[in-house]
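Every chain is numbered from 1, with letters handed out A, B, ... down the list of sequences.
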Number of protein chains: 2
Amino acid sequence: MAAEHSAAPAAGRDALVAAALRLFADHGSDATSVRDIAAKAEVSPALVMHHFGSKAGLKTAVDEHVAAVFASLGEAEAVEALTVREHEHDGTNVLSAGFVQLLLDGLPPGSPIPAYLRRLLLEGDPAGHEIFARWLDASRSALKAMEGAGLARASADPEVRAAFLMVNDLAMILLHDHIARATGVDPLTHDGLHRWSADVLDAYTDGVFRKEPA
Amino acid sequence: MAAEHSAAPAAGRDALVAAALRLFADHGSDATSVRDIAAKAEVSPALVMHHFGSKAGLKTAVDEHVAAVFASLGEAEAVEALTVREHEHDGTNVLSAGFVQLLLDGLPPGSPIPAYLRRLLLEGDPAGHEIFARWLDASRSALKAMEGAGLARASADPEVRAAFLMVNDLAMILLHDHIARATGVDPLTHDGLHRWSADVLDAYTDGVFRKEPA
DNA sequence: CACCATACTGAACAAACGTTCAGTCCGCGC
DNA sequence: GCGCGGACTGAACGTTTGTTCAGTATGGTG
């Protein structure tokens with residue numbers, strides 16, 4: 001019954017960040033109360049103020065945690081994440097689905113981070129702007145590298161082309177719930193991503209539209 | 001000073017829906033209080049309960065209003081909104097950018113509806129699921145029609161292809177703020193959409209990737 | 001003209017919110 | 001073994017939230 005008191009280095013702090021990340025991702029930070037977070041972390045609401053000063057401070061700490069996770073996923077690898085590469089299992093060329101592939105490979109299955117990322121991008125959060133800008137840089141670089149290697153056609157408007165490809169990639173994360181519900185294919189699972197990527201690669205290589213009616 | 005009382009048919013009702021639509025779109029419904037809405041509509045907070053029973057009732061009314069606007073935009077035309085057609089101004093073929101084009105043509109410039117749509121789709125709102133499913137139907141139909149007319153290559157996976165095209169289209173709305181900020185091209189303006197569509201059409205017809213290094 | 005339904009308000013409500021504060025517990029350096 | 005500092009709590013604070021309610025004004029109908 002008695003609460004455990006400890007001078008151990010901030011166990012509650014990590015629990016709060018983890019609980020807040022999950023709840024913010026699932027319901028949004030506005031719809032999540034400090035009491036909800038504290039209850040999930042099995043800790044007193046006042047501990048939020050003790051460690052972070054305010055609810056907003058907790059939000060900042062969560063943002064920093066997420067940024068650190070992205071960084072640990074290997075930011076440098078993101079550049080090559082968009083490239084087409086040989087798929088080991090079946091020997092066919094398959095489009096590594098960019099950032100989605102990166103997230104899927106590097107994150108545990110039930111991770112709240114994709115959903116949190118969705119909210120960051122939706123809510124006009126400065127942290128979201130920063131991530132978008134950094135990833136767009138990676139997309140630009142990857143496209144340029146592929147052009148150089150003769151793997152991509154040069155576009156007349158490289159800036160738009162890089163944004164187009166990256167935004168399409170992000171859309172899969174943002175709308176994956178709708179996609180899974182309406183089509184039965186969930187591109188955030190391994191099998192779903194494989195099926196999705198196959199058709200995307202086909203569209204990107206052989207095209208979608210015809211110039212002249214056949 | 002004295003408030004105007006009238007038995008006129010619910011002027012305050014419309015004002016409330018309009019104010020709520022704008023505030024919900026800009027800040028999210030959770031972050032918008034009944035008092036904020038009433039203040040913007042220049043009306044008493046209690047009027048929300050009188051007309052809609054609760055804040056949630058207002059939200060439902062706003063959803064219905066938005067659905068009605070979409071319907072009035074011409075749901076039937078949505079089917080052909082994805083098709084490639086002759087552009088009158090410069091005589092070139094241009095991809096009518098699907099739902100985005102439809103919204104841009106049919107809505108007044110500063111309309112809160114695109115932003116509201118963004119929130120519907122990203123917040124897991126049931127109203128968002130419905131819109132997504134209905135539009136995906138339109139996308140499927142349009143793609144099939146284009147295949148029939150020889151304007152589109154047949155995909156091995158038509159279900160994924162239809163979703164892919166539609167999701168890419170929606171991504172432009174969902175991320176337009178990020179796109180505009182990071183690239184300087186805002187695809188929700190006329191000029192920005194033209195530049196964006198030109199490159200998208202190029203990508204969709206001539207492809208993005210090469211099968212073999214050149 | 002009297003009546004009633006309806007649009008609408010101002011003051012108040014309980015509940016939930018973020019935050020404050022005095023105080024308890026305990027490992028670690030002295 | 002003493003005390004300092006940091007982790008942590010429980011109860012309370014004032015504010016804001018969604019909602020209730022009694023009441024006023026007014027146009028349309030008998």
Side-chain angles (χ1 to χ4, degrees), chain A residues 1-65 119 123 125 127, chain B residues 1-65 116 119 123 125-127:
Chain A
M1 195 97 331
E4 289 180 34
H5 293 267
S6 75
R13 189 184 209 280
D14 297 341
L16 277 171
V17 170
L21 171 58
R22 176 117 256 157
L23 291 173
F24 286 173
D26 287 349
H27 312 297
S29 65
D30 280 332
T32 304
S33 74
V34 171
R35 284 168 177 83
D36 289 340
I37 301 166
K40 176 146 191 151
E42 293 178 311
V43 128
S44 157
L47 194 62
V48 170
M49 307 309 145
H50 176 63
H51 280 305
F52 308 101
S54 69
K55 184 189 181 180
L58 212 203
K59 173 79 166 53
T60 301
V62 171
D63 286 344
E64 284 166 0
H65 171 76
R119 287 217 131 82
E123 276 162 23
D125 199 297
Chain B
M1 202 92 347
E4 287 181 36
H5 293 267
S6 74
R13 190 184 206 281
D14 297 342
L16 277 171
V17 170
L21 171 58
R22 178 117 256 158
L23 291 173
F24 286 174
D26 288 349
H27 312 297
S29 65
D30 280 333
T32 305
S33 75
V34 172
R35 283 168 178 83
D36 289 341
I37 301 166
K40 177 145 191 153
E42 293 179 309
V43 128
S44 158
L47 194 62
V48 170
M49 309 307 143
H50 177 63
H51 280 303
F52 308 101
S54 67
K55 183 188 180 181
L58 212 201
K59 174 78 165 53
T60 302
V62 171
D63 286 345
E64 284 165 0
H65 171 76
Y116 190 79
R119 288 214 130 84
E123 268 163 29
D125 198 296

(request) Let me know the distance between CZ of B:Phe52 and P of C:dT6, rounded to the nearest Å. (result) 16 Å
(request) Mind listing the closest non-hydrogen atom pair of B:Thr32 and B:Lys55 along with its distance? (result) O-NZ, 2.6 Å
(message) From NZ of B:Lys55 over to C1' of C:dA16, roughly how many Å is that when rounded to an integer?
(response) 13 Å
(message) Checking side chain to side chain contact (heavy atoms under 4.5 Å, CB included) between A:Leu16 and each of A:Val43, A:Val34, A:Leu21, which is the one that passes?
(response) A:Val43
(request) Measure the distance from CG on A:Leu58 to P on C:dG18 and round it to the nearest whole Å. (result) 11 Å
(request) Side-chain contact test, heavy atoms from C-beta onward, threshold under 4.5 Å: evaluate it for B:Phe52 versus B:Val17 and give yes or no. (result) yes
(request) Kindly give the heavy-atom pair with the smallest separation between A:Pro45 and A:Arg35, and that separation in Å. (result) CG-CG, 4.1 Å
(request) Provide the closest heavy-atom pair for A:Glu123 versus A:Ser29 in the form atom of the first, atom of the second, distance. (result) OE1-OG, 4.4 Å
(request) Taking only Lys NZ, Arg NE, NH1 and NH2, and the carboxylate oxygens of Asp or Glu, determine whether B:Lys59 and B:Asp63 approach each other closer than 4.0 Å. (result) yes
(request) Please report, rounded to the nearest Å, how far the C1' atom of C:dT9 is from the CZ atom of B:Arg13. (result) 19 Å
(message) Just to be sure I understand the geometry, which residues of residues 28-51 of chain A put a non-hydrogen atom under 4.0 Å away from DNA chain C?
(response) A:Thr32, A:Ser33, A:Val34, A:Arg35, A:Ala46, A:Met49
